[in-house]
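Quick caveat: nothing in here was measured; it's all calculated off a predicted structure. In what follows, every heavy atom counts, from backbone to side chain, and hydrogens, waters and symmetry copies are set aside.
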Amino acid sequence: MTEMTNESVAALIDRSHRLGADPRNTNYAGGNTSAKGTETDPATGQDVELMWVKGSGGDLGTLKEKGLAVLRLDRLRALVDVYPGVDREDEMVAAFDYCLHGKGGAAPSIDTAMHGLVDAAHVDHLHPDAGIAIATAVDGERLTGEIFGDRVVWVPWQRPGFQLGLDIAEIKTKHPDAIGCILGGHGITAWGDTSERAEANSLWIIETATAHIAEHGRAEPFGPALEGYAALAPAQRRAKAASLAPTIRGIASVDRPMVGHFTDSEEVLDFLASSEHQRLAALGTSCPDHFLRTKVKPLVLDLPAATPVEESIDRLQELAVSYREEYRAYYDRHATSSSPAIRGADPLIVLVPGVGMFSFGKDKQTARVAGEFYVNAINVMRGAEALSTYAPIDETEKFRIEYWALEEAKLQRMPAPRSLATRIALVTGAAGGIGKATAKRLAAEGACVVIADLELARAQAAAAEIGGPDVAVGVAADVSDEDAVQAMVDAAVLAFGGVDLVVNNAGLSLSKSLLETTAADWDLQHDVMAKGSFLVSRAAARVLIDQGLGGDIVYISSKNSVFAGPNNIAYSAVKADQAHQVRLLAAELGEHGIKVNGVNPDGVVQGSGIFAGGWGAQRAAVYGVEEKDLGKFYAQRTILKREVLPEHIANAVFVLCGPELTHTTGLHVPVDAGVAAAFLR
């Protein structure tokens with residue numbers, strides 16, 4: 001257990017971790033926990049009653065002490081006397097700042113009053129699927145009494161805030177035997193005199209609800225199977241998902257670019273295979289945490305699983321137009337002069353029967369979590385329909401929360417995105433050297449990165465070094481193999497939703513004279529670099545065009561593409577091929593907003609797989625220097641007398657793809673410290 005400054009805090013952190021580790025208890029970043037206790041006030045030397053509560057935006061499963069808001073209970077409870085009523089509810093959140101104790105800590109969340117006003121030392125507010133199923137059933141109040149008796153009390157829907165805190169505090173006072181309550185349309189709250197008792201009470205409510213649904217629920221809560229909507233075979237559905245993903249990402253990125261996530265989990269496929277999925281999806285989600293992440297409802301493809309890809313794409317594009325019109329109408333129905341501006345009318349969840357679910361967000365984690373939340377919503381619908389009829393809060397209340405001034409303020413506090421945020425990069429030959437340095441730089445600038453390399457283990461190790469699967473993934477690819485290249489691009493699309501930025505870096509070299517160069521030597525280098533770059537660019541271009549978001553293709557060519565040096569005819573010839581591919585593709589793909597540029601390095605010895613694989617020793621022999629001094633030798637023959645490192649190439653790639661050179665295509669950037677013979681003419 002992590003050492004804490006207070007026993008109550010230590011118990012709170014441990015309890016939060018246990019509750020947050022199980023998705024049956026609450027969703028990611030959902031719910032909050034609190035503890036009350038005593039500390040010495042350093043200003044007076046006297047004891048002061050405090051409350052520690054999970055702050056705004058934190059996650060229970062990974063909560064740390066710095067993620068807690070710390071408030072003085074006397075000041076928090078005194079707010080009851082100045083509470084101006086529900087019409088001025090939002091003012092109370094600002095008032096929490098005047099109740100804070102000490103320095104640091106997290107910002108208090110909207111649920112702070114619930115924890116502070118309830119007369120219990122420990123309080124849990126959670127979003128378990130089983131609990132929300134009861135909370136969203138049309139007869140949730142009756143079910144609460146039937147399932148829990150007097151131990152749990154029903155609370156009609158009330159938007160989170162100070163009034164809800166007052167209501168729950170009153171319930172605790174009027175029902176001394178109760179251990180918690182079901183919050184209509186929302187979740188559960190439980191309490192206890194000790195941390196152990198609060199946790200036990202929370203789990204009892206969740207487990208009792210789960211058991212009741214299992215014992216008394218209907219066998220087919222989503223209705224009978226819908227003919228033609230059953231899940232496709234795994235390989236077939238993932239292939240179709242990869243084919244649809246670029247179009248779907250384009251649909252989700254009309255207002256702003258999005259990163260995607262795909263899941264074909266059993267929950268999703270079962271939901272889409274059932275007769276009631278369209279009705280239920282149209283009702284939307286209910287728990288505020290759910291629809292803030294997923295929008296009020298998803299876009300659902302209304303075609304059978306075996307529908308051809310082309311027909312599915314046509315229908316998805318039709319539905320996207322309708323979705324945007326309907327969302328705009330939803331906004332116009334409820335917006336007032338003081339409402340925040342519409343945040344975009346694109347779907348965040350797209351459901352494809354037989355295939356799975358695509359979810360979207362400003363980064364991979366947000367996209368993945370949005371999908372997880374919709375799975376939570378499916379589970380909620382299943383439970384509610386098993387016992388009763390699913391009846392989420394109405395759209396007026398959803399709008400009030402989605403466009404809440406407090407939610408808007410939270411969004412405005414988010415840090416500015418990095419320059420490559422939402423962009424998905426595919427880098428070949430990226431397990432080491434220039435490729436790895438490039439992948440690192442792109443990830444550091446906010447991109448999601450697919451590390452492709454001949455050896456899967458090395459690709460995965462490089463991806464793990466750069467970041468977890470929400471940042472980088474490793475895939476195996478022989479770029480000279482057409483099927484392997486398509487599989488690589490499909491893997492990238494399924495990992496992050498699409499591709500925006502392609503770096504053709506995979507390569508090798510054999511230093512031989514004309515007479516020593518065999519046909520096999522020539523074919524090997526041309527297969528990997530000339531043919532490989534062509535295959536990668538062609539497969540990626542299909543994705544870039546289908547997305548309709550523009551994009552970048554960058555070739556890592558070489559100074560040798562324009563400089564005639566000794567004993568490397570195959571390598572230099574293939575680099576010249578790559579260099580001309582840049583010009584050809586720039587001319588062809590420009591109409592789609594796709595820029596194509598190249599980088600011409602020279603003398604990149606450190607970290608280079610080519611040099612380590614024998615090329616360095618061969619070139620050193622040609623120039624009559626020790627292999628270990630080759631980098632220094634190359635530096636001395638340059639105008640700037642500087643050694644070129646992989647990071648310098650990565651910098652050039654970033655500049656070509658970054659926000660500054662938006663109008664540059666067909667360019668080759670030399671990164672060779674100045675080799676006059678390789679100046680471009």
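- Side-chain polar atoms of His122 and Arg15 form a donor-acceptor pair below 3.5 angstrom.
- Applying the 6.0 Å contact sphere to CD of Glu395 captures more than 12 heavy atoms from other residues, nucleotides or ligands.
- With 3.5 Å as the limit, one finds no donor-acceptor pair spanning the side chains of Glu372 and Asn376.
- For the pair Arg368 and Asp470, the salt-bridge criterion is met [side-chain N within less than 4.0 Å of a carboxylate O].
- A cation-pi arrangement, defined by a distance under 6.0 Å to the six-membered ring centre and an angle within 45 degrees of its axis, is present between Arg343 and Tyr403.
- Counting only distance, with no hydrogens or angles, the side chain of Lys36 and the backbone of Ala120 share a donor-acceptor pair below 3.5 Å.
- If you check the side chains of His175 and Asp150, you find no donor sitting under 3.5 Å from an acceptor.
- Heavy atoms only, all atoms of each residue included: Trp191 and Asn201 are closest at O-ND2, 2.7 Å.
- The heavy-atom pair separating His125 from Ile188 by the smallest distance is ND1-O, 3.0 Å.
- Looking at Arg382 and Phe271, their side chains never come closer than 4.5 Å, going by heavy atoms from C-beta outward.
- Using a 4.0 Å cut-off between charged side-chain N and carboxylate O, Arg18 and Glu199 make a salt bridge.
- The CZ atom of Arg77 sits 6.0 Å away from atom CG of Asp119, with the distance rounded to the nearest 0.5 Å.
- When every heavy atom of Gly344 is checked against every heavy atom of Asp255, the shortest pair comes out as CA-OD2, 3.3 Å.
- In this pair, Tyr229 and His277 present their aromatic rings tilted. The plane angle is within the 30 to 60° band.
- With His115 as the partner, the side chain to side chain contact (heavy atoms under 4.5 Å, CB included) test is satisfied by one option alone out of Leu71, Val123, Leu76: Val123.
- Figure legend: Arg142 and Trp154 shown without cation-pi pairing, the cationic atom not lying both under 6.0 angstrom from the six-membered ring centre and within 45 degrees of its axis.
- There is a side-chain donor-acceptor pair under 3.5 Å between Glu89 and Tyr83.
- In this structure, CG on Leu348 lies 12.5 Å from NZ on Lys362, to the nearest 0.5 angstrom.
- Residue Arg24 places its CZ atom among 12 or fewer non-hydrogen atoms of other residues, nucleotides or ligands, all under 6.0 Å distant.
- Once rounded to the nearest 0.5 Å, the distance linking CG of Leu387 with CD1 of Ile134 reads 5.0 Å.
- Counted within 6.0 Å of CG on Asp97, heavy atoms from surrounding residues, nucleotides or ligands total more than 12; the atom is thus considered enclosed.
- With salt bridges taken as basic N to acidic carboxylate O contacts below 4.0 Å, none links Arg328 and Glu325.
- Between Glu402 and Tyr330, the side chains place a donor N or O and an acceptor N or O closer than 3.5 Å (distance only, hydrogens not considered).
- Within a 6.0 Å sphere centred on CD of Glu141, heavy atoms belonging to other residues, nucleotides or ligands number 12 at most.
- Between the CG atom in Leu63 and the OG1 atom in Thr33 there is a gap of 6.0 Å [rounded to 0.5 Å].
- The minimum heavy-atom distance between Ser339 and His334, with the atom names listed, is OG-O, 4.5 Å.
- Looking only at distances, no side-chain donor or acceptor of Asp167 sits under 3.5 Å from a matching main-chain atom of Glu170.
- With a 6.0 Å radius and a threshold of 12 heavy atoms from other residues, nucleotides or ligands, Asp193 has its CG atom at or below the threshold.
- His127 and His186 have tilted rings, their planes meeting at an angle from 30° to 60° on a 0 to 90° scale.
- Counting heavy atoms from C-beta outward, Asp264 and Val355 have side chains that stay 4.5 Å or more apart.
- Of the possible donor and acceptor atoms, none in the side chain of Ser388 sits under 3.5 Å from a partner among the backbone N and O of Glu385.
- With a 6.0 Å cutoff to the six-membered ring centre and a 45° limit on the axis angle, Arg159 counts as a cation-pi contact of Trp404.
- Judged by distance alone, the side chains of Lys364 and His261 do bring a donor and an acceptor atom under 3.5 Å apart.
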